[in-house]
Amino acid sequence: AEEERIRADYPPGTFKAMIVGEAIDMDSWRFLLKNHLSVQRFLDRVLRPGIIIKPVEIAAYFKANPEEFVRPPWVHVYFISGGDRNAVEKCSRELSVSKDPVEAQTNNPDVVVRTARMDEPRLDPMITEALAKAGPGQLSEVIRMEGEFHQMLLIERLGERPLEANEAF
């Protein structure tokens, strides 16, 4: 039954092709699935029913371990990408004036404009360096990554902060 549910997540005929493409033997995959389901049954029937955590315990843990409940610094940016540096720069300049990503994308069909919120510690070092000198409303320097040119328009930068209880749980 579980195998059929997993197969249903794939378009008809593509599941087996994916398995073969990944060089996975179907019998081995079924063996691993069976083991995974056994572990899940054990967790559901034996371990989880015996674990009871009261709200007061959660609150006490939250209060006693504030270092575990910290929102890392993050940036909110428009990410402008394309194969032509001049097109990326032109679109970025338009976007920095209009602040309308749909309009900028429509006016510059050879460029892709995306909005992204990213944790700073998880950023590629090239992106971190490019954004280092930009303030809100300012453009980063143009960088070249993965065969394309990229420029970011910084919308906002938020520093590290403690999470509120409703954010943590």
### Task
Decide yes or no on side chain to side chain contact (heavy atoms under 4.5 Å, CB included) for L33 and E2, but give the supporting numbers first.
CA-CA 9 Å; L33 176 61; E2 185 67 15; 4.1 Å; yes
### Message
Quick one, F42 with R48, criterion side chain to side chain contact (heavy atoms under 4.5 Å, CB included). Give me CA distance, side-chain angles, the key distance, then yes/no.
### Response
CA-CA 9 Å; F42 177 74; R48 286 190 183 115; over 6 Å; no
### Query
Given the rule in the side chain to side chain contact (heavy atoms under 4.5 Å, CB included) test, do L32 and I24 qualify, once you have shown the distances and angles that lead to the verdict?
CA-CA 11 Å; L32 293 171; I24 300 171; over 6 Å; no
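In this structure, K90 and N108 have side chains that are in contact, with non-hydrogen atoms separated by less than 4.5 Å. Two residues are said to be in side-chain contact when any heavy atoms from C-beta on lie closer than 4.5 Å; L139 and Y78 fail this criterion. Side chains of H150 and F79 form a contact here, defined as non-hydrogen atoms less than 4.5 Å apart. Using a 4.5 Å heavy-atom threshold, the side chains of I80 and M152 count as separate. Looking only at side-chain heavy atoms (C-beta outward), R161 and V70 stay at 4.5 Å or farther from each other. Side-chain atoms of R71 and E160, non-hydrogen and from C-beta on, never get closer than 4.5 Å to each other. Within the 4.5 Å cutoff, no side-chain heavy atoms of Q138 are placed close to those of L154. Between R114 and S81, the closest side-chain pair of non-hydrogen atoms falls below 4.5 Å.
For the atom pair I19 CD1 and Y10 OH, the distance stands at 7.0 Å (nearest 0.5 Å). Atom-to-atom distance recorded for C91:SG and L153:CG is 10.0 Å, nearest 0.5 angstrom. Between the CZ atom in R85 and the CD1 atom in I143 there is a gap of 10.5 Å [rounded to 0.5 Å]. Taking CG from D100 and CD from Q105, the interatomic distance works out to 11.0 Å, rounded to the nearest 0.5 Å. The CZ atom of R122 lies 12.5 Å from the OG1 atom of T128; values are rounded to the nearest 0.5 Å. Atom-to-atom distance recorded for M118:CE and L131:CG is 6.5 Å, nearest 0.5 angstrom.
Atom CZ of R45 sits in a sparse spot, with 12 or fewer heavy atoms from other residues, nucleotides or ligands closer than 6.0 Å. Heavy-atom neighbours of E146 CD from other residues, nucleotides or ligands within 6.0 Å: at or below the threshold of 12.
Comment: E57 does not engage K54 in a salt bridge, judged by the lack of any side-chain N to carboxylate O separation of less than 4.0 angstrom.
Closest heavy-atom contact between Q151 and E89: OE1-CA, 3.7 Å. Taking every heavy atom of both residues into account, F15 and M26 meet most closely at CE2-CE, 3.5 Å. Summarising the geometry of P121 relative to P73, their closest heavy-atom pair is CD-O, 3.5 Å, with the distance given to 0.1 Å. The shortest heavy-atom contact between A165 and F62 is N-CZ, 3.6 Å. For the residue pair P101 and V113, the shortest heavy atom distance occurs at CB-CG1, 3.8 Å.
Using modelled atom types, no side-chain atom of E129 and backbone atom of M126 make a donor-acceptor pair closer than 3.5 Å. Listed for the D25 side chain is a donor-acceptor partner under 3.5 Å among the backbone atoms of S28. A donor-acceptor pair under 3.5 Å is formed between the side chain of K99 and the backbone N or O of S96. The backbone N or O of A134 sits less than 3.5 Å from a side-chain atom of R157, completing a donor-acceptor pair. Judged purely by atom type and a 3.5 angstrom limit, S38 uses its side chain to pair as donor or acceptor with the backbone of K34.
Under the 4.5 Å side-chain heavy-atom criterion for Ile, Leu, Val, Met, Phe, Trp and Tyr, V112 and M145 are members of distinct hydrophobic clusters. Linking ILVMFWY side-chain heavy atoms closer than 4.5 Å, directly or via other members, places L43 and I51 in two distinct hydrophobic clusters. Under the 4.5 Å side-chain heavy-atom criterion for ILVMFWY residues, a single connected hydrophobic cluster contains both M18 and I6. Under the 4.5 Å side-chain heavy-atom criterion for ILVMFWY residues, a single connected hydrophobic cluster contains both L163 and I58. Grouping the Ile, Leu, Val, Met, Phe, Trp and Tyr side chains by contacts below 4.5 angstrom, directly or via other members, places V142 with L95.
By the 30° and 60° cut-offs, the orientation of the rings of Y61 relative to F69 is perpendicular.
Taking the ring centre of F149 as origin, the terminal cationic atom of R144 falls inside the region bounded by 6.0 Å and 45° from the ring axis.
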